[in-house]
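Okay, structure first, notes after.
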Amino acid sequence: MQLAGYLLDVWHGRTAPTPSYARLWCYAGFFLSLTQGPFNRYNTLMPQLEAAPKTFETQRLVSGLQRSAWGYFKKFAIADRAAIVVSAAFADPASFDRSQLIFATVMYSFQLYADFSGYTDIVLGMGEILGLHLPENFRQPFFSASVKELWARWHISLSQWFRDYVYIPLGGSKKGEGRTYLNLLVVWLFTGLWHGSTLNFLLWGLFLFALISLERLGWGKVLRRSQVISRLYMLLVIPLSWMLFAIPSLKDIG
């Protein structure tokens, strides 16, 4: 994703091509860049690497270790514990009753968030120790009042990548309503395929596209008027969306 973004930035003239292969591989092989994010842009990462502080700062070390420790706690104390319940239920849904499956589906939302944001905190904490300001990837997504807002707070660097390199080049929302929905459909199909090639990921992308389209058509105005409705709505759709994400079998999803 990072190299694709760099090539597209060079193609469109937003970034000058680097004359040094060593510099390019330094960017491509940056050890705090994970395949799942956060994704670093060339224009923001490389200047920081070149200007990284050469002196040791105790405060930077303490702050970075605190953030990394919080990430390890979320990963091992929350995500890995929730995974025990979730894995058992999703492996054989027919063996569990409805209330147990609902509980496992809700727990999966917490597992995914704690796991994903946990290792992001570890990466950002290590970056802080080195004097680097890497992009935030989560901003309290479960406090969102709509699916659109959720995806502005969840895996932010991925959402911004698809916005800048897929949605906007296709025309964004500037070519009429019909074209806007088509562009959103393309983005969410690509988002689903980026996570996996099985049918459930395509269904997951289509489900989110449908929800965001409904919000654009007027449902979003209702959500903005009532915090109660918006909270109940998100409590329903967040676990449902992640259920599609987690279970590859259409029969088990049913």
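- With a 4.5 Å cut-off on side-chain heavy atoms, Met126 and Ser68 count as touching.
- In this structure, Tyr72 and Ile122 have side chains that are in contact, with non-hydrogen atoms separated by less than 4.5 Å.
- Residues Leu49 and Tyr27 have side chains not in contact (no heavy-atom distance under 4.5 Å, counting atoms from C-beta outward).
- Pro135 has its side chain out of reach of Ile156: every pair of non-hydrogen atoms, C-beta onward, lies at least 4.5 Å apart.
- In terms of heavy atoms, Arg14 sits closest to Leu8 at NH2-O, 4.0 Å.
- Taking every heavy atom of both residues into account, Pro141 and Leu150 meet most closely at O-CD1, 3.3 Å.
- One N or O on the side chain of Glu215 and one on the backbone of Val147 form a donor-acceptor pair closer than 3.5 Å.
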* **Derivation of the side-chain contact (heavy atoms from CB on, under 4.5 Å) call for Gln160 and Arg41** => CA-CA 11 Å; Gln160 291 177 344; Arg41 303 289 178 95; 4.0 Å; yes
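- Linking ILVMFWY residues whenever their side-chain heavy atoms come closer than 4.5 Å, directly or via other members, leaves Val62 and Leu65 in distinct clusters.
- Rounded to the nearest 0.5 angstrom, Leu24 CG and Leu3 CG are separated by 6.0 Å.
- Considering CG of Leu132 and CZ of Arg60, their distance stands at 8.5 Å, rounded to 0.5 Å.
- For the pair Met243 and Ile253, the minimum side-chain heavy-atom distance is below 4.5 Å.
- Summarising the geometry, atom OG1 belonging to Thr105 is positioned 7.5 Å from atom CG belonging to Leu240; distances are rounded to the nearest 0.5 Å.
- Nearest heavy-atom pair across Asp121 and Gly71 is CB-CA, 3.7 Å.
- Using modelled atom types and a 3.5 Å distance limit, the side chains of Lys74 and Ser117 yield a donor-acceptor pair.
- Each of Phe138, Phe162, Trp188, Tyr167 was evaluated against Trp151; a single residue qualifies, Trp188, per the ring pair (Phe, Tyr, Trp, His ring centres under 6.0 Å) test.
- Note that Arg216 lies in the cation-pi zone of Tyr181, set by a 6.0 Å cut-off to the ring centre and a 45° limit from the axis.
- The distance from atom CD1 of Ile102 to atom CZ of Phe96, rounded to the nearest 0.5 Å, is 14.0 Å.
- The main-chain N or O of Pro38 is never found under 3.5 Å from a side-chain atom of Ser157 such that the two would form a donor-acceptor pair.
- Side-chain atoms of Val237 and Leu208, non-hydrogen and from C-beta on, never get closer than 4.5 Å to each other.
- Pairing each heavy atom of Ser99 with each of Asp97, the nearest pair is OG-OD1, 2.8 Å.
- Gln2 places no side-chain N or O within donor-acceptor distance of the main-chain N or O of Phe39, the cut-off being under 3.5 Å.
- By the criterion of side-chain heavy atoms lying less than 4.5 angstrom apart, applied directly or through intervening Ile, Leu, Val, Met, Phe, Trp or Tyr residues, Leu199 is grouped together with Val186 in one hydrophobic cluster.
- Under the 4.5 Å side-chain heavy-atom criterion for ILVMFWY residues, no single connected hydrophobic cluster contains both Leu214 and Leu235.
- In terms of modelled atom types and a separation under 3.5 Å, the side chain of Gln48 and the main chain of His133 share a donor-acceptor contact.
- Partners of Arg231 by side chain to side chain contact (heavy atoms under 4.5 Å, CB included), not counting sequence neighbours, listed by chain and number: Ala145.
- Across Pro93 and Phe90, no two heavy atoms sit closer than the pair CD-O, 3.6 Å.
- The closest side-chain heavy-atom distance from Leu206 to Leu185 is below 4.5 Å.
- Residues Thr180 and Asn183 bring no donor and acceptor atom of their side chains to less than 3.5 Å of each other.
- Judged by distance alone, the side chain of Arg153 and the main-chain N or O of Arg139 form a donor-acceptor pair under 3.5 Å.
- When each of Tyr108, Phe142, Phe143 is tested with Tyr113 by the rule ring pair (Phe, Tyr, Trp, His ring centres under 6.0 Å), just one qualifies, namely Phe142.
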* After noting the C-alpha distance and the side-chain angles of Leu189 and Phe209, does the key distance pass the side-chain contact (heavy atoms from CB on, under 4.5 Å) rule? -> CA-CA 8 Å; Leu189 287 177; Phe209 162 73; over 6 Å; no
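- Under the 4.5 Å side-chain criterion, counting only non-hydrogen atoms from C-beta, Leu158 is in contact with His195.
- Taking CG of Leu203 as the start and OG of Ser241 as the end, the distance is 12.5 Å to the nearest 0.5 Å.
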Table please: side-chain donor-acceptor pairs of residues 80-89 below 3.5 Å, with sequence neighbours left out.
residue	atom	partner	partner atom	Å
Asp80	OD1	Lys75	NZ	3.3
Arg81	NH1	Phe76	O	2.8
Ser87	OG	Ala83	O	2.8

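- A centroid separation of 6.0 Å or more is found between the aromatic rings of Trp194 and Trp204.
- In terms of modelled atom types and a separation under 3.5 Å, the side chain of Asn200 and the main chain of Phe245 share a donor-acceptor contact.
- The aromatic rings of Tyr165 and Trp161 are tilted relative to each other, their planes meeting at an angle between 30° and 60°.
- When all heavy atoms of Ser146 and Tyr233 are compared, the pair lying nearest together is CA-CE2, 4.5 Å.
- Under the 4.5 Å side-chain heavy-atom criterion for ILVMFWY residues, a single connected hydrophobic cluster contains both Val222 and Leu236.
- Atom-to-atom distance recorded for Leu61:CG and Glu128:CD is 10.0 Å, nearest 0.5 angstrom.
- Connection of Trp219 to Ile212 is established within a shared hydrophobic cluster, with ILVMFWY side chains joined at heavy-atom distances below 4.5 Å, either directly or through further cluster members.
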* To do: Step by step, work out the side-chain contact (heavy atoms from CB on, under 4.5 Å) result for Ser109 and Val106.
  => CA-CA 5 Å; Ser109 297; Val106 173; 5.6 Å; no
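- Between Phe73 and Trp70, the distance separating the two ring centers is shorter than 6.0 angstrom.
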